[in-house]
Amino acid sequence: MVKRLANVKTRRETGLDYVVSAMNLLTPFGAADIKERKPFFPGQEDDLREELLRIEKMRQIATANTGDIGALQEIFMVMKDNTLTIERSKASVLTVVEIFELKSLLLQMEKVRRLSIRLDFPKEFIPEDTESLLDILDPGKDRLNTFYIYDVFSEPLGELRREKKETEREIRRKQKARKEQIKEKYGVSLTPKFEVVVSKSDQQSIKMIGEISELIKSEEDYMSVTFSLAPTEDVDALIRKNEDLMGSIEEEELEVREELSKEISKYEKVLLENCRKIGRLDVCLSKALYAERHSCVMPEITEEHLVEFEDGRHLQVEEVLKAKGGSYCPVSISLRDGVTCITGANMGGKTVSLKLVGMVAILAQYGFFVPCRKAKIGLSNYMQILIGDSQSIERGLSSFGSEMEELKEILDHGTDRSLLLIDEIASGTNPVEGLALTKSLVDHLKTKAYISLITTHFETVTDDPDVRNMQVAGLADADFNKLDKELRYANRKERIGIISKYMDYRLRLVEDAGEIPKDALNIAKMLGIDREIIERAKEYIK
């Protein structure tokens with residue numbers, strides 16, 4: 001059974017799919033390679049470190065050789081997937097078009113090979129030399145991106161083609177002579193195709209030309225009548241000879257294509273391996289360029305099960321904020337086996353922080369650089385995120401029912417070194433049962449060798465000394481006077497954006513219970529909820 005790190009939803013919600021789709025892979029081989037990529041699991045730390053070092057080397061090469069990398073990408077963009085043609089060459093005779101496309105691929109492979117050697121790419125990305133096959137398909141060694149079954153492929157083929165050309169010249173010479181005779185004798189001029197087209201309105205000409213024995217009616221429509229040269233025995237004999245020659249040429253070309261197909265099949269293994277190498281090169285280069293564009297760093301891979309990073313950024317959220325003229329507030333966190341809860345009001349970015357942990361961990365485990373200033377990752381055997389799923393609701397489950405369905409999957413598949421990311425569990429049911437279920441789940445997860453990160457509104461869940469409590473800084477340090485002034489003249493749509501601007505999304509470790517944060521009440525107050533309601537709510541908190 002194939003080991004699975006994360007399900008489809010987890011790959012989507014953490015942002016792995018987003019990053020993969022934004023990688024700008026340029027070859028069909030790269031696209032195939034990334035689909036087949038498997039994550040690295042505990043015990044494969046050295047393999048992952050080697051993968052990350054290759055990306056780092058590629059990043060350094062790419063930044064120092066932008067012109068050559070641009071040339072390489074141009075080659076990548078015109079590459080076609082000819083792997084099926086290569087495999088077919090063993091049992092089938094390839095067409096002229098298929099052989100041409102393989103010659104084009106060989107030319108591209110050679111360019112990639114030479115560039116790879118010059119730029120000192122890792123050896124596992126450098127295609128094998130296939131010029132010997134290229135010489136077979138390109139006997140003139142002109143290295144042009146064209147293909148024709150040249151005469152040099154077959155001595156009989158050259159002779160047949162020369163004889164056919166001479167026969168065609170003889171046919172045309174005889175027809176031109178008859179054309180001149182008709183013009184001289186009847187004053188009728190034929191086209192280069194040895195035809196004369198007469199309008200149906202000119203009945204006199206139709207009658208006159210119809211009486212010329214050297215011409216026959218060959219075509220007629222509602223507007224005109226076409227006359228052509230009548231066949232003669234000597235021309236007919238030459239035409240039959242030409243048809244026979246064409247048949248012989250086709251048979252000879254078939255034999256040539258059959259031989260070339262056999263030669264191609266001898267290189268099947270090296271050609272397919274070169275395609276795989278180019279795919280791996282495309283992926284590695286794309287990872288390196290993506291990391292450079294998005295200020296991602298190489299994570300430190302450790303044998304200990306942990307997730308630690310400084311100034312992490314969720315790439316997808318960051319892009320949305322940049323598009324709106326905003327900026328991302330980096331988040332730092334340190335997680336080891338055990339339960340950590342993130343508390344704070346809505347709008348505090350708890351869910352984004354949860355997804356960020358998943359993004360950093362899963363990107364590292366799939367061999368990507370991570371969007372942080374610094375990161376240290378220990379590999380997991382299993383990852384899953386539990387977060388609201390509109391698809392489950394659409395198929396008839398309540399939000400709570402959907403949560404329980406996914407929670408069962410987590411509990412069924414959880415194993416040592418799991419990373420579980422749970423967002424607002426039981427928020428869709430009544431608070432008493434929701435709190436009880438959350439506390440019970442935390443008690444269960446505490447006994448497991450999992451990194452469990454849970455966002456929750458239930459503050460008392462973190463009263464347990466074995467549960468770490470991270471709180472979103474939120475509006476704790478905000479300048480409320482300045483914020484109030486900005487909100488005073490803002491319309492309804494603008495207010496949310498203004499409050500978000502003042503939110504501090506960084507996480508703080510809470511060492512003791514202390515005062516309960518009142519971000520929710522502050523936000524409600526700033527958005528215009530009656531002061532009396534706010535004050536009474538504060539009394540209930542005390």
Side-chain angles (χ1 to χ4, degrees), residues 1-17 20 36-49 51-52 299-309 333-342 351 353-368 370 375-389 392 402-426 437-456 461 464 466-468 470:
M1 184 176 177
V2 178
K3 192 173 181 180
R4 187 184 72 172
L5 175 67
N7 61 15
V8 172
K9 180 178 179 180
T10 299
R11 294 195 297 271
R12 182 184 71 244
E13 292 291 346
T14 56
L16 174 64
D17 290 349
V20 169
E36 296 170 1
R37 284 291 172 109
K38 300 294 187 290
F40 295 85
F41 284 99
Q44 297 178 304
E45 286 83 3
D46 287 341
D47 294 335
L48 175 52
R49 292 183 189 111
E51 169 76 1
L52 295 171
E300 177 187 347
I301 304 302
T302 179
E303 275 71 17
E304 184 184 358
H305 191 216
L306 55 82
V307 178
E308 291 182 351
F309 55 83
I333 198 166
S334 176
L335 301 171
R336 285 173 169 75
D337 284 352
V339 178
T340 301
C341 290
I342 300 177
T351 301
S353 293
L354 187 84
K355 289 184 175 184
L356 172 60
V357 169
M359 170 176 272
V360 172
I362 202 166
L363 283 179
Q365 206 145 336
Y366 271 88
F368 285 83
V370 294
K376 187 175 182 180
I377 305 296
L379 304 184
S380 298
N381 282 311
Y382 178 68
M383 278 185 206
Q384 187 154 329
I385 189 166
L386 195 164
I387 198 167
D389 188 352
S392 293
S402 171
E403 281 183 340
M404 294 304 102
E405 186 182 64
E406 291 187 55
L407 180 59
K408 182 181 186 306
E409 182 181 350
I410 287 176
L411 299 179
D412 286 348
H413 293 90
T415 183
D416 287 355
R417 296 180 72 107
S418 288
L419 173 62
L420 308 182
L421 307 167
I422 301 174
D423 187 45
E424 299 286 0
I425 189 71
L437 184 59
T438 303
K439 282 190 170 183
S440 179
L441 176 62
V442 167
D443 288 341
H444 174 77
L445 294 177
K446 285 192 308 182
T447 67
K448 303 292 183 179
Y450 305 162
I451 295 175
S452 301
L453 182 63
I454 301 173
T455 65
T456 181
V461 171
D464 189 324
D466 294 326
V467 177
R468 295 172 75 238
M470 304 289 291

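Residues take their numbers from the sequence shown, with the count starting at 1. Quick caveat: nothing in here was measured; it's all calculated off a predicted structure.
Not counting sequence neighbours, the partners of Ser334 by the side-chain contact (heavy atoms from CB on, under 4.5 Å) test are Glu308, Arg336.
In terms of heavy-atom proximity, Phe40 sits nearest to Leu379 at O-CD1, 3.8 Å. The two residues Leu445 and Tyr450 have their closest heavy-atom pair at CD2-CD1, 3.9 Å. Shortest non-hydrogen contact noted between Tyr382 and Glu409 is OH-O, 3.7 Å. The two residues Val307 and Ala361 make their nearest non-hydrogen contact at CG2-CB, 4.2 Å. Considering all non-hydrogen atoms of both residues, Ser380 and Leu5 come closest at O-CD1, 3.6 Å. Nearest heavy atom pair, residue Glu406 against residue Gln384, reads O-NE2, 3.9 Å.
Between the side chain of Arg12 and the backbone N or O of Asp17, no donor-acceptor pair lies under 3.5 Å. Under the 3.5 Å distance criterion, the side-chain polar atoms of Lys38 are matched with a main-chain donor or acceptor of Glu36. Remark: the backbone N or O of Leu453 is not paired with any side-chain donor or acceptor of Thr340 at under 3.5 angstrom. Without hydrogens or angle criteria, Glu45 side chain to Gly43 main chain gives a donor-acceptor distance under 3.5 Å. Not a single donor-acceptor pair under 3.5 Å links the side chain of Asn381 to the backbone N or O of Arg417.
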field: Verdict with reasoning, Leu441 to Ile422, per side chain to side chain contact (heavy atoms under 4.5 Å, CB included)
entry: CA-CA 11 Å; Leu441 176 62; Ile422 301 174; 4.0 Å; yes
query: Would Leu421 and Glu13 satisfy side chain to side chain contact (heavy atoms under 4.5 Å, CB included), going step by step from the backbone distance to the final call?
result: CA-CA 11 Å; Leu421 307 167; Glu13 292 291 346; over 6 Å; no
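Within the 4.5 Å cutoff, no side-chain heavy atoms of Ile333 are placed close to those of Ser353. At least one side-chain heavy atom of Asp464 sits less than 4.5 Å from a side-chain heavy atom of Lys446. Contact annotation: the side chain of Tyr366 approaches that of Leu16 to within less than 4.5 Å [non-hydrogen atoms, C-beta and beyond].
Checking Asp443 against Ser440 by side-chain atom types alone, no donor-acceptor pair falls below 3.5 Å.
The existence of a salt bridge linking Glu303 and Arg49 is confirmed by a sub-4.0 Å separation between a basic side-chain nitrogen and an acidic carboxylate oxygen. Between Lys9 and Glu405 no salt bridge is recorded (no basic side-chain N to carboxylate O distance below 4.0 Å).
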